[in-house]
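To find a chain, count down the sequence lines: A is the first, B the second, and so on, and within it residues start at 1.
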Number of protein chains: 2
Amino acid sequence: MSDLGRELSTAVVAYHEAVGAHLGVTAVDQRALALIGRHGPLSAGDLAKRIGLTPGAVTGVIDRLERAGLARRDPDPEDRRRVVVTAIGDGFGRVFAGLSAAMGELTSRYSPEQQEVIADWVTRAIDVLREQTRRLTEGSESPGTR
Amino acid sequence: MSDLGRELSTAVVAYHEAVGAHLGVTAVDQRALALIGRHGPLSAGDLAKRIGLTPGAVTGVIDRLERAGLARRDPDPEDRRRVVVTAIGDGFGRVFAGLSAAMGELTSRYSPEQQEVIADWVTRAIDVLREQTRRLTEGSESPGTR
DNA sequence: CCAGATATTTCAGTACACTGAACTAAAATA
DNA sequence: TATTTTAGTTCAGTGTACTGAAATATCTGG
């Protein structure tokens, strides 16, 4: 099972690399997009803090996401200095459409009780990954933390 | 569930990035290491073909893996032009030790039947990911394919 | 034994994302 | 209203991984 986990993560990383190469976005760009997708629209500055990059670098991140048609810049009507970045339509979903469909098809072949077990495991596995990531990251500097 | 898949993959990518930053190896390096781990020792040239890089770039990949203590260069006794690259001990496992332990602990909390279901789903999910990756990659040029 | 083929490394040049600092515009404060 | 602070972009410089070609070492077929 530990081997399976390793293979799964390798396959996931390879997939993300392929998506990135296909769309002209980096791994960081994709993480930023996922962050927006999960959290909702964010200002450029907030995005910078969240992903640990300088504001200058974030401009590049947004440029690439916009060019790939995955996100959109909008002026904040409340504060016209601010730029609000929004994931377009379901830009992420569109890119991942083939994967989502195949995964849905796969999962539908299991009984409802089995699907329950799988979803539960995946949820907890995500927590484990986040915790381990935090453990690795802490101690290293990040520009936002200074 | 499709959202879960997305979150899982995002978490996996973030974890790999953190591991890479920690050890000074790139995502490509990690994929190369996984390839060696799965397939067994490979010559530098074979590695180049498999990961789609020029021989010159592969020299750098192996350099970084060696520097991180994850792989080893050995001359091929059968053909002294060749260099055989081997994953060290369980270098990969050592790096991923924290993750493997946590994942093992997580999975052990399920009944044997449930574990069966999870392992089955993960195995098939890996196949789906590989297939989708292949679909994205084909059509794009790679140095080895030319 | 010699000429060509093959495996890897080295090296110069290129591409690209990041930092840090200067710049522009807009808000907040006095 | 004038000054200071804040948000984002632009830009020069840096680091790093890649390509393509040349160099080195070794194998193989005539």
(request) Quick one: do A/Leu99 and B/Arg6 satisfy side-chain contact (heavy atoms from CB on, under 4.5 Å)? Show the steps, please. (result) CA-CA 10 Å; A/Leu99 181 63; B/Arg6 192 178 299 176; over 6 Å; no
(request) Kindly say if A/Thr54 contacts the phosphate of C/dG20, meaning a side-chain N or O under 4.0 Å from OP1 or OP2. (result) no
(message) Applying the side chain to side chain contact (heavy atoms under 4.5 Å, CB included) criterion to B/Arg82, which one of B/Pro75, B/Pro77, B/Ser43 satisfies it?
(response) B/Ser43
(message) Just the rounded figure in Å: distance from P of C/dT6 to CG of B/Asp46.
(response) 14 Å
(message) How many whole angstroms separate atom CG of B/Leu42 from atom C1' of C/dA7?
(response) 14 Å
(request) Verify the contact: side-chain N or O of A/Arg82 to OP1 or OP2 of D/dT9, cut-off strictly under 4.0 Å; return yes or no. (result) no
(request) Apply side-chain hydrogen bond (donor to acceptor under 3.5 Å, both in side chains) to A/Thr133 and list each qualifying residue two or more places apart in sequence or on a separate chain. (result) none
(request) Take nucleotides 23-30 of chain C nucleotide by nucleotide from the 5' end and write B, S or -, depending on whether a protein heavy atom sits under 4.0 Å from the base, only from the sugar-phosphate, or from neither. (result) --BBS---
(request) Specify the residue among A/Gly24 and B/Ser43 whose closest nucleotide of DNA chain C lies further upstream toward the 5′ end. (result) B/Ser43
(message) If you apply the rule side-chain contact (heavy atoms from CB on, under 4.5 Å), what do you find for A/Val83 with A/Asp76, and how did you get there?
(response) CA-CA 6 Å; A/Val83 162; A/Asp76 183 342; over 6 Å; no
(request) Can you sort out the partners of B/Asp46 under salt bridge (charged side-chain N to carboxylate O under 4.0 Å, His left out), two or more places apart, ordered by chain and number? (result) none
(request) Please report, rounded to the nearest Å, how far the C1' atom of C/dT6 is from the NZ atom of B/Lys49. (result) 10 Å
(request) Check salt bridge (charged side-chain N to carboxylate O under 4.0 Å, His left out) between B/Arg124 and all other residues, then give those that pass, not counting sequence neighbours. (result) B/Asp120
(request) Calculate the interatomic distance between A/Leu23 atom CG and C/dC16 atom C1'; express it in whole Å. (result) 17 Å
Pairwise N/O distances under 3.5 Å, protein to nucleotides 9-13 of chain C:
| from | atom 1 | to | atom 2 | distance (Å) |
| --- | --- | --- | --- | --- |
| C/dT9 | OP1 | B/Arg73 | NE | 2.7 |
| C/dT9 | OP1 | B/Arg73 | NH2 | 3.3 |
| C/dT9 | OP2 | B/Thr59 | OG1 | 2.9 |

(request) Quickly, which of A/Leu35, A/Val85, A/Val84 forms a side chain to side chain contact (heavy atoms under 4.5 Å, CB included) with A/Leu42? Name it, please. (result) A/Leu35
(message) If I take atom CG in residue B/Asp29 and atom P in nucleotide D/dA17, what distance separates them, rounded to the nearest angstrom?
(response) 7 Å
(request) Quickly work out the B/Leu53 CG to D/dT16 C1' distance and round it to whole Å. (result) 14 Å
(request) Return the value, rounded to whole Å, for the distance between atom CG of A/Leu47 and atom P of D/dA7. (result) 14 Å
(request) Using whole Å, report how far CZ of A/Arg50 lies from C1' of D/dA7. (result) 18 Å
(request) Please determine if B/Asp74 and B/Arg72 form a salt bridge, counting it only when a charged side-chain N lies under 4.0 Å from a carboxylate O. (result) yes
(message) Could you work out, with salt bridge (charged side-chain N to carboxylate O under 4.0 Å, His left out) as the rule, every residue matching A/Glu66, not counting sequence neighbours?
(response) A/Arg73
